[in-house]
Enquirer: 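Here you go, one structure.
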Amino acid sequence: MVKTRIAPSPTGFPHVGTAYIGIFSYVWARKNGGRFIVRIEDTDQNRYVEGAEEGILRALKWLGLDYDEGPDVGGPNGPYRQSERLELYRRYAQELLDKGLAYRAFETPEELAAIREELQKKGLGYGYDGRARNIPRAEAEARAAAGEPHVIRLKTPESGSVVVYDELRGAIEFSSHEIPDVVLLKSDGYPTYHLAVVVDDHLMEVTDVIRGEDWLVSTPIQKLLYQAFGWDEPKWYHLPLLRAPGGAKLSKRTGHTSIDYYREEGFLPEALVNYLSTMGFSMPDEREIFGLEEMIAAFSWERVSLGGPVFDEEKLRWMNGKYIREVLSLEEACDRLKPFLQSAGLEWGTDEYLCQVVTVMRPRFETLKEFVEKARYFFDEDYPFAPKAEKELRKGAETLRELKELLAGLPDFAPERTEEAITAFAAARDLKLRKVMQPLRAAITGSLATPGMYELLEILGKERVMKRLERAFAHLRELEGDQ
RNA sequence: GGCCCCUUCGACUAGCGGUUAGGUCACCGCCCUUUCAAGGCGGCGGCACGGGUUCGAGUCCCGUAGGGGUCACCA
């Protein structure tokens, strides 16, 4: 059975990179009828952030990446939080010690810094020379027993090479002398990533490790660990890293990397997932709008490209708009908007009214949050007047007064009726339609960017429109009073 | 810097030896039009470079360049 996992660290907000890798892991597991699990890698006590785990799990659920096993849902191979598995790592580190494949090292951070500097001068690529290998076993055990702080390091081969097989790139060879004696167990008793990931992936029966390319060069270390334990290694897939517009790895400094940011800005989870999926994957028929189910059906590693994709928020916005106007049903779109209206303190009355508004507004906003900004006047009689709208108001004040009388005489604001009345009104005065429309638009919305006038009038209704015209004239008087 | 990975329009990508190198975003123009959008149509724009292999390379190989990653008791 194919089993994939995602292993986020609770060190901050939920990262889009986690979602990105999560999508491919999820899809590959589902494609194969396998299992997708979440494991929390909280082995760094210094970087641990309270609440981060909850944020990450919430984000994964929001995106629709439901997992079969995880810290909050349990599973057959738990616990799924590394801080709760410390005994396991110690036991396995001991096993390596017993086999003579690992050793205790007692250097202080200062000593290590000195060693690193020294090696750096010699032009060597990494930071430890394996000198503690020379400490006699008995002495090391005695010092450890005496409570001397130390770490346990992996004894890596001194010659030869390690060949890693990446499913997306093929065989990659690393010279053994470039693989350092990495720390397996830290002096605080916590494991490092290398030990924890191998022990957990093995125990949790992970068959396919899908992760970011930044892990590629550490794979030989983990492969060595699998060998040391005598376990079968999983298949490795290293996905390219998401890039920021400049080209560097997407980070806090180079772009918006928090999933929460996108949720708060009014992006739809479906759109974010869809967009992230197109970062490296493409459908056989080149369609760009597709959901997880479609991706699962069409997925193949051959359709994954390896160039680092640049995360383009502009295209994400376009795609989000596409979802709002073409993928979501009208009712669904209305429901998604409600929380945003609420947090803006706006009331929409009936669902029917909201849907009328959304119907005409749908082609005009790309994020849920943007709707609130652009459709405010539908929900607030105290809508503000934009400077350009005020200008139209001034220019068309006379026309508007006459138009108001006309509108007041109409029995109702059915589109056919208002259209006939207004076009006739303009024709009678030999006015271009816009000379009539713009002042009216400005008056009843405070804006010059709105849906069509006839639908606007119908949705707002005669009563509200007449009141708004009154208010607009009042506003006009204030403006003139100021001058 | 050592090592590793990557390289098609500005961005995301299709292409798996023979194509006028296709699509999407962005940009520009036109159409529609009462504004703003959406939509339709059209345009701009690319195989990093140099060697090979081959009758024939965007497609295969090598090199160069460029970009990225990684060199922690962080993951």
Enquirer: Show each protein N/O and nucleotides 44-49 of chain B N/O combination with a separation under 3.5 Å, one pair to a line.
Expert:
none

Enquirer: How many Å lie between OH on Y190(A) and C1' on A72(B), as a whole number?
Expert: 18 Å
Enquirer: Please confirm whether any donor atom in the side chain of T192(A) sits under 3.5 Å from an acceptor in the base of C73(B), or the reverse.
Expert: no
Enquirer: Are R104(A) and F106(A) in a cation-pi setup, meaning NZ or CZ lies under 6.0 angstrom from the ring centre and within 45 degrees of the ring axis?
Expert: no
Enquirer: T43(A) side chain N/O closer than 4.0 Å to the phosphate oxygens (OP1, OP2) of A75(B)?
Expert: yes
Enquirer: If you compare every side-chain N and O of S282(A) against the phosphate oxygens of A14(B) (OP1, OP2), does one of them come in below 4.0 Å?
Expert: yes
Enquirer: With rounding to the nearest 0.5 angstrom, report the CD1 to CG distance, I152(A) to L185(A).
Expert: 5.0 Å
Enquirer: Does the structure show a Watson-Crick or G-U wobble partner for C25(B), both distances under 3.5 Å? Name it, or say none.
Expert: G10(B)
Enquirer: Base, sugar-phosphate, or nothing for E178(A), non-hydrogen atoms under 4.0 angstrom?
Expert: sugar-phosphate
Enquirer: Would you tell me if any nitrogen or oxygen in the side chain of R287(A) comes within less than 4.0 Å of OP1 or OP2 on U24(B)?
Expert: no
Enquirer: Return the nucleotide paired to U20(B): Watson-Crick means purine N1 to pyrimidine N3 with N6-O4 or O6-N4, wobble means G-U with N1-O2 and O6-N3, both under 3.5 Å.
Expert: none
Enquirer: So which protein nitrogen or oxygen atoms get under 3.5 Å of nucleotides 40-43 of chain B's nitrogens or oxygens?
Expert:
none

Enquirer: Could you measure between the two C1' atoms, the one in G46(B) and the one in A14(B), and give it in whole Å?
Expert: 13 Å
Enquirer: Considering just the side-chain nitrogens and oxygens of K249(A), establish if one lies under 4.0 Å of OP1 or OP2 belonging to U70(B).
Expert: yes
Enquirer: Rounded to whole Å, how long is the line connecting atom CD of Q222(A) with atom P of U70(B)?
Expert: 14 Å
Enquirer: Tell me the partner of A37(B), counting only Watson-Crick (N1-N3 plus N6-O4 or O6-N4) or G-U wobble (N1-O2 and O6-N3) with both under 3.5 Å; none if nothing fits.
Expert: none
Enquirer: Specify the residues of residues 48-55 of chain A, ordered by number, for which at least one heavy atom lies under 4.0 angstrom from an atom of RNA chain B.
Expert: none
Enquirer: Should K322(A) be listed as having a side-chain N or O under 4.0 Å from OP1 or OP2 of G39(B)?
Expert: yes
Enquirer: Assess whether ring-ring contact (aromatic ring centres under 6.0 Å, His included) is satisfied between Y383(A) and F385(A), documenting all intermediate values.
Expert: CA-CA 7 Å; Y383(A) 53 90; F385(A) 289 89; 5.5 Å; yes
Enquirer: From C-beta outward on D312(A), which listed nucleotide comes closest to its side chain: U13(B), A11(B), A75(B)?
Expert: A11(B)
Enquirer: Please determine whether a side-chain nitrogen or oxygen atom of T450(A) lies at a distance below 4.0 Å from atom OP1 or OP2 of C36(B).
Expert: no
Enquirer: Distance only, no hydrogens: is a donor on one side chain within 3.5 Å (strictly under) of an acceptor on the other, for D42(A) and S83(A)?
Expert: yes
Enquirer: Can you tell me the base-pairing partner of A57(B)? Count Watson-Crick or G-U wobble geometry only, both distances below 3.5 Å, and say none if there is no partner.
Expert: none
Enquirer: G1(B) and A57(B): how far apart are their P atoms, nearest whole angstrom?
Expert: 35 Å
Enquirer: Checking all strands, does G452(A) fall into the base, sugar-phosphate, or nothing category for heavy-atom contacts under 4.0 angstrom?
Expert: base
Enquirer: In Å, rounded to the nearest 0.5 Å, how long is the span from NZ of K223(A) to CD of E233(A)?
Expert: 4.0 Å
Enquirer: Check this for me: does the side-chain of K432(A) come within 3.5 Å of the base of U34(B) through a donor and an acceptor?
Expert: no
Enquirer: Within a reach of under 6.0 Å around NZ of K435(A), are more than 12 heavy atoms found that belong to other residues, nucleotides or ligands?
Expert: no
Enquirer: With a 3.5 Å limit on both atom pairs, tell me what C44(B) is paired to, counting Watson-Crick and G-U wobble, or say none.
Expert: none
Enquirer: Going by distance alone, is a donor N or O of one side chain under 3.5 Å from an acceptor N or O of the other, for S218(A) and Q222(A)?
Expert: yes
Enquirer: Base, sugar-phosphate or nothing for R325(A)? Non-hydrogen atoms, less than 4.0 Å.
Expert: sugar-phosphate
Enquirer: So, OP1 or OP2 of U35(B): does either fall under 4.0 Å of a side-chain N or O from K374(A)?
Expert: no
Enquirer: Strictly below 4.0 Å: does R317(A) bring a side-chain N or O up to OP1 or OP2 of A11(B)?
Expert: no
